[in-house]
Amino acid sequence: MKKIFCIFIIFCSCFLGGCFNYNDIDKVIFVTSIIIDVDTNGNPILYVESFKPERTLNASAGSSQRILFKGSRKTLFETIRDINMSSSYKLNYTQLRGIIFTEKAAESNLYDYIDYFARDQESVLRSNLLVLNGDPDKFIKTVLKEQEYIGLFIHDLIKNVSVSSRTIVSSLNDFLNEIYSRQGISIIPMIELKSDQPEPKIQLTDGAIIGNYKMVDTLRLGDELGYNFLTDNIKSGSLEVTNPSSSNNYVSLEILRSKTKCSIYMDGKNIIVRKKINLKATVAEAQNRINLNHDTIEKLEQEAEKNIKDACNDVFEKYKLKKLDIFNIGEDFQRKYPKSNIDNPIEQSQLQLDVNVNVEGSSDKTNFRS
């Protein structure tokens, strides 16, 4: 019996793994964010934000040091390896939180850079993808009071965007899934330094429309509400409507739940895109005053439905004229009609909306996080 047990233990030990490529934590420099720009010759310029963990006398506490790097070579891989030549320890990208492209880099050819992150074993598919509106040198040197590291701040910032129904969010994984779709279009958020604040602040702004790995247009902040409703990307946020009791004032509705269902079918030569939007909201704020009786709530619901329809129709017609399928119509149409030879279905598409808004009483929420 003991012999069988020993054989079993030896057999099991063959499948047990230990620590592979072990390094002391204080002998590695972890990268939190990178900014990719291009020079006049089309070569990448890489800005790297990183931190070096440091041991302390207190075993229960630790410290870190923010370190910045900059380099430029013919390719991104060569640049990354070249930056290591000026570092005391190897840069590790397993903690990378933000991959940021300048507008100049986004307008050139993102394929030259995305391919590296898709192949590299240290790359994290959950890393946030963004386009920077502004000077990369000034941006990487910005010191934030809320968070020492820009990469970690961006990570936390994007986790909190549920407070807004007008924000675009995209990760490396999302981008790769969308850019490899039939239309080859993805939208990634744009970021910039706020100039109207008493201290340095970073905010999300418009959305960069990427077509075939190049930035071809911008989804403005005013269009993001309709886009998010059409693509079922709203979890919570706010919606402003006119106060029924005072036409010069507004009522803010807090979105509690939103769901958009899509159906697509052919009607002669036209492609009918039917979107059914069901939204549940509550009154978060009323300017002047409001009496929440049955008639008032019904008027709020009608006004909210009208605003959603207007926002959706405006953004749909805008990008239909531009022949940019940012709504994944081509992908949905191909699934239903795989034998169709229509190159860009959005050109023949007509949008039909069925919007239902249910407004309940005042909000009892005290925290914006979902």
Task: Separation of Gln350 CD from Lys320 NZ (nearest 0.5 Å) - done: 6.0 Å
- [ ] Verify, without hydrogens or angle tests, whether Asn278 (side chain) and Lys259 (backbone) share a donor-acceptor contact under 3.5 angstrom.
- [x] no
Open item on the list: Between Asn313 (side chain only) and Lys309 (backbone N and O only), is there a donor and an acceptor less than 3.5 Å apart?
Closed with: yes
Task: Closest approach of Ile188 to Leu129 (non-hydrogen atoms, all atoms of both residues) - done: CB-O, 4.0 Å
TODO: Measure the CD-CD1 distance between Glu347 and Ile329 for me, rounded to the nearest 0.5 Å.
DONE: 11.0 Å
- [ ] Test salt bridge (Lys or Arg N to Asp or Glu O under 4.0 Å) on Glu107 and Lys214 and set out the steps.
- [x] CA-CA 5 Å; Glu107 291 170 352; Lys214 292 184 179 182; over 6 Å; no
TODO: Determine whether more than 12 heavy atoms belonging to other residues, nucleotides or ligands lie under 6.0 Å from atom NZ of Lys104.
DONE: yes
Open item on the list: Using modelled atom types and a 3.5 Å cut-off, is there a donor and acceptor pairing between side-chain atoms of Asn270 and backbone atoms of Ile272?
Closed with: no
Task: For Ile185 against Gly211, the heavy-atom pair lying closest together - done: CG1-CA, 4.3 Å
Task: Donor-acceptor contact below 3.5 Å, side chain Asp174 vs main chain Ser171 - done: yes
Task: NZ on Lys276 to CD on Gln352, rounded to 0.5 Å - done: 13.5 Å
Task: N/O donor-acceptor pair under 3.5 Å between Thr79 side chain and Leu46 backbone - done: no
Open item on the list: Give me the atom names and distance for the closest heavy-atom approach of Cys312 to Gly226.
Closed with: SG-O, 3.8 Å
Open item on the list: Using modelled atom types and a 3.5 Å cut-off, is there a donor and acceptor pairing between side-chain atoms of Ser340 and backbone atoms of Tyr337?
Closed with: no
Task: Stepwise side-chain contact (heavy atoms from CB on, under 4.5 Å) check, Leu230 with Leu353 - done: CA-CA 9 Å; Leu230 288 175; Leu353 292 171; 4.0 Å; yes
TODO: Using the rule that two of Ile, Leu, Val, Met, Phe, Trp, Tyr join whenever any of their side-chain heavy atoms come within less than 4.5 Å, decide whether Ile210 and Tyr180 are in one cluster.
DONE: yes
Open item on the list: I'd like to know if Tyr250 and Val359 are part of one continuous hydrophobic network [Ile/Leu/Val/Met/Phe/Trp/Tyr, side-chain heavy atoms within less than 4.5 Å].
Closed with: no
TODO: Measure the acute angle between the ring planes of Phe101 and Tyr113, then classify it against the limits of 30° and 60° as parallel, tilted or perpendicular.
DONE: tilted
Open item on the list: Could you tell me if Thr32 and Glu49 have a donor-acceptor pair between their side chains, going purely by distance under 3.5 Å?
Closed with: yes
- [ ] State, yes or no, whether a side-chain contact exists between Leu68 and Arg66 at a heavy-atom distance under 4.5 Å.
- [x] yes
TODO: Following the transitive rule for hydrophobic clusters with a side-chain heavy-atom cut-off under 4.5 Å over Ile, Leu, Val, Met, Phe, Trp and Tyr, establish whether Ile35 and Val124 coincide in one cluster.
DONE: no
Open item on the list: Could you go through Ile255 and Leu279, starting from their C-alpha distance and side-chain angles, then the distance that decides it, and tell me whether this counts as side-chain contact (heavy atoms from CB on, under 4.5 Å)?
Closed with: CA-CA 7 Å; Ile255 299 173; Leu279 183 139; 4.1 Å; yes
- [ ] Report yes if some heavy atom in the side chain of Pro44 is under 4.5 Å from a heavy atom in the side chain of Glu78; otherwise report no.
- [x] no
TODO: Classify the side-chain pair Asn243/Ser246 by whether it contains a donor and acceptor separated by less than 3.5 Å.
DONE: no
Open item on the list: Looking at every non-hydrogen atom in both residues, tell me the closest pair between Ile29 and Ser50 and how far apart they are.
Closed with: CG2-OG, 3.3 Å
Open item on the list: Testing the 3.5 Å rule here: is there a donor-acceptor pair between the side chains of Asn84 and Ser87?
Closed with: no
Open item on the list: Assess whether a salt bridge exists between Lys275 and Asp354, defined as any Lys/Arg side-chain N lying under 4.0 Å from an Asp/Glu carboxylate O.
Closed with: no
Task: Lys/Arg-Asp/Glu bridge criterion (N-O < 4.0 Å) met for Glu301, Lys299 - done: no
Open item on the list: Using a 3.5 Å distance criterion without hydrogens, assess whether the side chain of Ser33 forms a donor-acceptor pair with backbone atoms of Arg97.
Closed with: no
Open item on the list: Do Val31 and Ile34 make a side-chain contact, defined as non-hydrogen atoms from C-beta onward lying under 4.5 Å apart?
Closed with: yes
Task: Check: Thr242 and Asn307 side chains under 4.5 Å, non-hydrogen atoms - done: no
Open item on the list: If we check side-chain contact (heavy atoms from CB on, under 4.5 Å) with Phe117, which of these qualifies: Leu176, Leu76, Leu125?
Closed with: Leu76
Open item on the list: Classify the ring geometry of Phe327 against Tyr319: parallel below 30°, tilted from 30° to 60°, perpendicular beyond 60°.
Closed with: perpendicular
- [ ] Would you mind reporting whether Pro200 and Val143 have side-chain heavy atoms less than 4.5 Å apart?
- [x] no
- [ ] Classify the ring geometry between Phe77 and Tyr116 as parallel (under 30°), tilted (30 to 60°) or perpendicular (over 60°).
- [x] tilted
TODO: Count the heavy atoms of every other residue, nucleotide or ligand shown that sit under 6.0 Å from NZ of Lys323, and state whether that count exceeds 12.
DONE: no
Open item on the list: With heavy-atom distances below 4.5 Å as the criterion, would you say the side chains of Phe30 and Lys52 are in contact?
Closed with: no
Task: Ionic contact status for Arg335 with Asp332, cut-off 4.0 Å - done: yes
- [ ] Mark yes or no for whether Asp206, through its side chain, and Thr218, through its backbone, hold a donor-acceptor pair below 3.5 Å.
- [x] no
Open item on the list: Could you report the tightest heavy-atom contact between Asn43 and Arg73, atom names first, then the distance?
Closed with: CB-O, 3.4 Å
Task: Heavy-atom side-chain proximity of Asp217 to Leu324 below 4.5 angstrom - done: yes
Open item on the list: With a 4.5 Å cut-off on side-chain heavy-atom distances among I, L, V, M, F, W and Y, is there a chain of contacts connecting Leu225 to Leu221?
Closed with: no
Open item on the list: Counting only heavy atoms from other residues, nucleotides and ligands, does the tally under 6.0 Å from NZ of Lys322 exceed 12?
Closed with: yes
Task: Distance-only side-chain donor-acceptor flag, Glu192 / Gln203, under 3.5 Å - done: yes
Open item on the list: I'd like to know if Asp314 pairs up with Lys318 as an ion pair, taking the criterion as any Lys NZ or Arg NE/NH1/NH2 lying under 4.0 Å from an Asp or Glu carboxylate oxygen.
Closed with: no
TODO: Please lay out, stage by stage, how Val251 and Glu240 fare under the test side-chain contact (heavy atoms from CB on, under 4.5 Å).
DONE: CA-CA 6 Å; Val251 173; Glu240 286 69 44; over 6 Å; no
Open item on the list: Working to the nearest 0.5 angstrom, can you tell me the gap between Lys74 NZ and Asp82 CG?
Closed with: 10.0 Å
Open item on the list: Between Phe69 and Tyr47, is the ring centroid distance below 6.0 Å?
Closed with: no
- [ ] Give a yes or no on whether the backbone of Glu331 and the side-chain of Asn328 come within a donor-acceptor separation of less than 3.5 Å.
- [x] no
Open item on the list: Could you check whether atom CG of Asn288 has more than 12 heavy atoms from other residues, nucleotides or ligands sitting under 6.0 Å from it?
Closed with: yes
Open item on the list: If we count only N and O atoms by modelled type, under 3.5 Å, do the side chains of Asn92 and Thr94 hold a donor and an acceptor together?
Closed with: yes
Task: Side-chain touch Gln183/Glu178, heavy atoms, less than 4.5 angstrom - done: no
Open item on the list: Is there a side-chain contact (heavy atoms from CB on, under 4.5 Å) between Phe51 and Ile67? Walk through the geometry before answering.
Closed with: CA-CA 6 Å; Phe51 71 91; Ile67 306 173; over 6 Å; no
Task: Closest contact, heavy atoms only, Ile168 versus Gly207 - done: CG1-CA, 4.5 Å
Task: Separation between CD1 of Ile202 and CD1 of Ile154, rounded to the nearest 0.5 Å - done: 5.5 Å
Task: Separation of Asp135 CG from Ile140 CD1 (nearest 0.5 Å) - done: 11.0 Å
